[in-house]
Amino acid sequence: MTYHPGQVDFLSTDAAATLVQRVGLTELLRGLVSALEQDFSRWHDFDKSARLAQHTPDGVMELMPVADASHFAFKYVNGHPKNPQLGIPSIMAFGALMRADTGAPILLSELTLTTALRTAATSVMAAKLLARRSSRTMALIGNGSQSEFQALAFVGLLGIQCLRLFDIDPAATDKLVHNLHTQMPGLQIQRCRSAAEAVQGADIVTTVTADKTSATILRRDMVAPGMHLNAVGGDCPGKTELDAAILPDARVFVEFAPQSRIEGEIQHMPEDFAVTELWQVLRGEQAGRQRDDEITVFDSVGFALEDYTALRYMHALARQHQLLQPLALLPQLSNPKNLFELLLPPAIHDEPAPAEADRHAIPA
């Protein structure tokens, strides 16, 4: 990657959307899944930590950093379930990518759309390891902003043929059905009256609800042998979706256990409750699904490595498609130690330094 001092690339929301349209959603997700698998497989290369969260009565604001020897990345993201009532998204995000050798930023990017993409891609990465290969039906509970990405990722990349949908807000399901029909007119879609109805006959159950509570979206008696549960919505302390009674009867997989034990479905379990991190399965150090009748759970909370991957992936792809804008974020200095020169008038700034002899001359 060529380094241009002072220049920072900017990927706007409009440019990211154009990129998805040019490449195609399925193909872009396919490439992102591959990039995630590569980065998770080199897990030990990264300096990792749980994200920093600031909770308020209305939502949460989070900072998510991660680094390897080449790059440092971070994401800012919020979660405010009531925001749609104000006309703004409940989840908004942006992030940056920096060079590790100099600390200089090289990319500032929207991450609202990109977060939806990387979350769906991470779900697929996990399901490739954990769901039955014969899975053709998925229940999708929670039909908000993330639902289209989850649905189309599983249909396009894992062969899901039937979607069973439920949301407590019928308008959300209307929106999802409309959007899915525009993308895949022949897709089999069934609207359901409850979560219990939606999971009947499902091979995979994806929960992606937004309410900031410890809800019970799935009860133990709703989970059949062989199901894979893709639990996406529970992602902060006090916010879960699964009946805790499900977990002891399942094999549970997470991204980064120290963070998941604080924020994920396993926050209600004892500290020694056994979980497997996805990187261990990708590297062949632990098994994924072992039997057709076992219940598997991907306790997905979102981890900074996924944003690192997405930032680098979208940066390279946007450069290829010439969708990046230059951003004057860093100072251009003739003397890197003289930041004050930015405040000097142009005439003074441009005036050459006196010759060495003149500098010490005694005035007449």
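Since the structure is predicted, the reported quantities are computational estimates derived from the model, not experimental observations.
- A donor-acceptor pair is defined here as one N or O able to donate and one able to accept, closer than 3.5 Å; no such pair exists between the side chain of Glu255 and the backbone of Ser260.
- Taking the side chain as every heavy atom from C-beta outward, Trp279 and Glu285 approach each other to under 4.5 Å.
- Taking every heavy atom of both residues into account, Ala310 and Arg118 meet most closely at CB-CB, 3.9 Å.
- For the 3.5 Å distance criterion, the side chains of Thr209 and Glu241 qualify, holding a donor opposite an acceptor.
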* Apply side-chain contact (heavy atoms from CB on, under 4.5 Å) to the pair Leu11 and Leu324, showing each step before the final yes or no. => CA-CA 5 Å; Leu11 180 64; Leu324 297 168; 4.1 Å; yes

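- At a threshold of 4.5 Å between side-chain heavy atoms, the hydrophobic network of Ile, Leu, Val, Met, Phe, Trp and Tyr places Val208 and Leu242 in two separate groups.
- Judged by distance alone, with hydrogens and angles left aside, the side-chain atoms of Asn83 form a donor-acceptor pair with the main-chain N or O of Pro89 at under 3.5 Å.
- Leu163 and Met222 are assigned to two separate hydrophobic clusters, defined by single-linkage of ILVMFWY side chains at heavy-atom distances under 4.5 Å.
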* Show your working on side-chain contact (heavy atoms from CB on, under 4.5 Å) between Met314 and Leu117 and close with a plain yes or no. => CA-CA 10 Å; Met314 295 291 280; Leu117 295 168; 4.2 Å; yes

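- By the 6.0 Å contact criterion, NZ on Lys128 is open, its count of non-hydrogen atoms from other residues, nucleotides or ligands being 12 or less.
- Considering every non-hydrogen atom in both Gly31 and Tyr313, the closest pair reads CA-OH, 3.4 Å.
- Rounding to the nearest 0.5 angstrom, the gap separating the CZ atom in Arg30 from the CG atom in Leu28 is 11.0 Å.
- Of all heavy-atom pairs spanning Leu97 and Ala73, the tightest one is CD1-CB, 3.9 Å.
- The CZ atom of Phe94 sits 12.0 Å away from the OG1 atom of Thr13 when rounded to the nearest 0.5 Å.
- Checking side-chain atoms of Thr119 against main-chain N and O of Ala116 turns up no donor-acceptor pair under 3.5 Å.
- Put simply, the side chain of Ile295 reaches to within 4.5 Å of the side chain of Arg220, judged on heavy atoms.
- Judged by distance alone, the side chain of Asp203 and the main-chain N or O of Arg136 form a donor-acceptor pair under 3.5 Å.
- Residue His44 qualifies as enclosed at atom NE2: its count of foreign heavy atoms under 6.0 Å is above 12.
- The CG atom of Asp58 lies 13.0 Å from the OG atom of Ser90; values are rounded to the nearest 0.5 Å.
- Here the closest non-hydrogen pair linking Met98 and Pro105 is CG-CA, 3.5 Å.
- Ile88 places none of its side-chain heavy atoms less than 4.5 Å from the side chain of His80.
- Under the 3.5 Å distance criterion, the side-chain polar atoms of Arg51 are matched with a main-chain donor or acceptor of Gly302.
- Distance CG/Leu29 to CG/Leu152: 8.5 Å, rounded to 0.5 Å.
- Of the charged side-chain nitrogens involved, none lies within less than 4.0 Å of a carboxylate oxygen, so that Glu62 and Lys75 do not count as a salt-bridged pair.
- The closest donor-acceptor contact from the side chain of Arg132 to the backbone of Gly226 lies under 3.5 Å.
- With a 4.5 Å cut-off on side-chain heavy atoms, Val223 and Val205 do not count as touching.
- There is no path of hydrophobic side-chain contacts, each under 4.5 Å, that joins Phe166 to Leu140.
- Put simply, the side chain of Lys48 never gets that close to the backbone of Ala304: no donor and acceptor are under 3.5 Å apart.
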* Evaluation steps, salt bridge (charged side-chain N to carboxylate O under 4.0 Å, His left out), between Arg261 and Asp299 -> CA-CA 10 Å; Arg261 293 191 188 277; Asp299 186 3; over 6 Å; no

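- Residue Gln290 qualifies as enclosed at atom CD: its count of foreign heavy atoms under 6.0 Å is above 12.
- Between Asp307 and Val66 the shortest side-chain heavy-atom distance does not fall below 4.5 Å.
- Between Leu333 and Leu342, some side-chain heavy-atom pair lies under the 4.5 Å cut-off.
- Residues Phe273 and Leu130 do not share a hydrophobic cluster, defined by chaining ILVMFWY side chains whose heavy atoms lie under 4.5 Å apart.
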* **Residues Thr309, Gln38; criterion side-chain contact (heavy atoms from CB on, under 4.5 Å); working and verdict** => CA-CA 9 Å; Thr309 302; Gln38 293 175 33; over 6 Å; no

* For side-chain contact (heavy atoms from CB on, under 4.5 Å), just list the numbers for Leu176 and Glu148, CA-CA rounded to whole Å, side-chain angles, deciding distance to a tenth of an Å, and then say yes or no. => CA-CA 6 Å; Leu176 174 58; Glu148 286 87 355; 3.6 Å; yes

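- Within the model, atoms OG1 of Thr296 and CE of Met227 stand 11.0 Å from one another, a figure rounded to the nearest 0.5 Å.
- Between His315 and Ser109 the shortest side-chain heavy-atom distance does not fall below 4.5 Å.
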* To do: Show your reasoning for whether salt bridge (charged side-chain N to carboxylate O under 4.0 Å, His left out) applies to Asp39 and Arg312.
  => CA-CA 11 Å; Asp39 282 342; Arg312 295 192 68 198; 5.2 Å; no

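- Side-chain atoms of Asn230 and Ser123 form a donor-acceptor pair, as typed in the model, at a separation below 3.5 Å.
- Side-chain atoms of Arg164 never come within 3.5 Å of backbone atoms of Ala139 as a donor-acceptor pair (strictly under, hydrogens ignored).
- Between Ile168 and Pro170, the closest heavy-atom pair is O-CD, 3.4 Å.
- In this structure, Gln161 contributes its side chain and Gln188 its backbone to no donor-acceptor pair below 3.5 Å.
- Between Trp43 and Phe303, the two ring planes are tilted [angle within 30° to 60°].
- Without hydrogens or angle criteria, Asp243 side chain to Thr216 main chain gives no donor-acceptor distance under 3.5 Å.
- Under the 4.5 Å side-chain heavy-atom criterion for ILVMFWY residues, no single connected hydrophobic cluster contains both Met125 and Val301.
- Side-chain atoms of Thr26 and Leu157, non-hydrogen and from C-beta on, do get closer than 4.5 Å to each other.
- To the nearest 0.5 Å, atom CD of residue Gln286 and atom OG1 of residue Thr276 are 5.0 Å apart.
- Taking every heavy atom of both residues into account, Ser49 and Phe256 meet most closely at C-CE2, 3.7 Å.
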